[in-house]
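All residue numbers in this chain count up from 1 along the given sequence.
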Amino acid sequence: MRYLAKQAIMLFIAGCCMTSCASYDAEDYVNDMKALTEETIRNASTYTEEDWERVGERYKDINEKGRGLLEKLSEEQKRELEKFSEEMADKAAEFDHEELKEQFKNALDEANDFLEGIMEQIKNK
């Protein structure tokens, strides 16, 4: 009986994971970027180099997660993402560490280039 109970729990957890991944949509993507941007702006003055590295990784992870959703974004959502990107770049520019600023700027540029490429493809369809 214990074996069956453990199997049922494992299946339930796996099902929840699959459902949560499958239900990630354009609104979730924009909300994740908004939350990261707001948190960064609120705390940027106290961030260390390690904090900025974590922000860069989270930014990259969110963009990877939302990569397949770009075609589903509304014009308003696209504008919001551009605004968030600009705000993040501005805060990163204030950080007094040249190498890290450059790395973060490159990560932002890559994400922005990707967004612009997808938006061009959408416009040309």
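Between the Asp51 side chain and the Thr48 main chain, a donor and an acceptor come within less than 3.5 Å of each other.
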* Check step by step if salt bridge (Lys or Arg N to Asp or Glu O under 4.0 Å) holds for Lys78 and Glu75. => CA-CA 5 Å; Lys78 291 173 190 174; Glu75 289 302 315; 3.2 Å; yes
* Asked: Between Asp61 and Arg58, does a salt bridge (Lys or Arg N to Asp or Glu O under 4.0 Å) hold up when you go through it step by step?
  -> CA-CA 5 Å; Asp61 291 344; Arg58 285 179 57 201; over 6 Å; no
* To do: List the steps and the verdict of salt bridge (Lys or Arg N to Asp or Glu O under 4.0 Å) for Arg67 and Glu64.
  => CA-CA 5 Å; Arg67 182 173 290 226; Glu64 285 294 319; 2.8 Å; yes
* To do: Begin from the C-alpha positions of Ser74 and Glu76 and carry the test side-chain hydrogen bond (donor to acceptor under 3.5 Å, both in side chains) through to its verdict.
  => CA-CA 5 Å; Ser74 69; Glu76 182 181 338; 5.4 Å; no
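Here the straight-line distance linking atom CG of Leu81 with atom CG of Leu70 works out to 7.5 Å at 0.5 Å rounding. One finds the CE atom of Met33 at 11.5 Å from the CG atom of Asn31 (value rounded to the nearest 0.5 Å). Taken to the nearest 0.5 Å, the CD atom of Glu27 stands 11.0 Å off from the CG atom of Asp32.
The two residues Ala44 and Trp52 have their closest heavy-atom pair at CB-CZ2, 3.9 Å. For Ser23 against Asp28, the heavy-atom pair with the smallest separation is O-OD2, 3.3 Å. Scanning all heavy atoms of the two residues, the minimum distance from Phe84 to Val30 falls at CE1-O, 3.8 Å. Heavy atoms only, all atoms of each residue included: Lys72 and Ala26 are closest at O-CB, 4.1 Å. Looking at every heavy atom in both residues, Thr40 comes nearest to Tyr47 through CA-OH, 3.7 Å. Pairing each heavy atom of Tyr29 with each of Ile62, the nearest pair is CE1-O, 3.3 Å.
Using a 4.5 Å cut-off on side-chain heavy atoms (C-beta onward), Met88 and Leu36 make contact. Under the 4.5 Å side-chain criterion, counting only non-hydrogen atoms from C-beta, Thr37 is not in contact with Tyr59.
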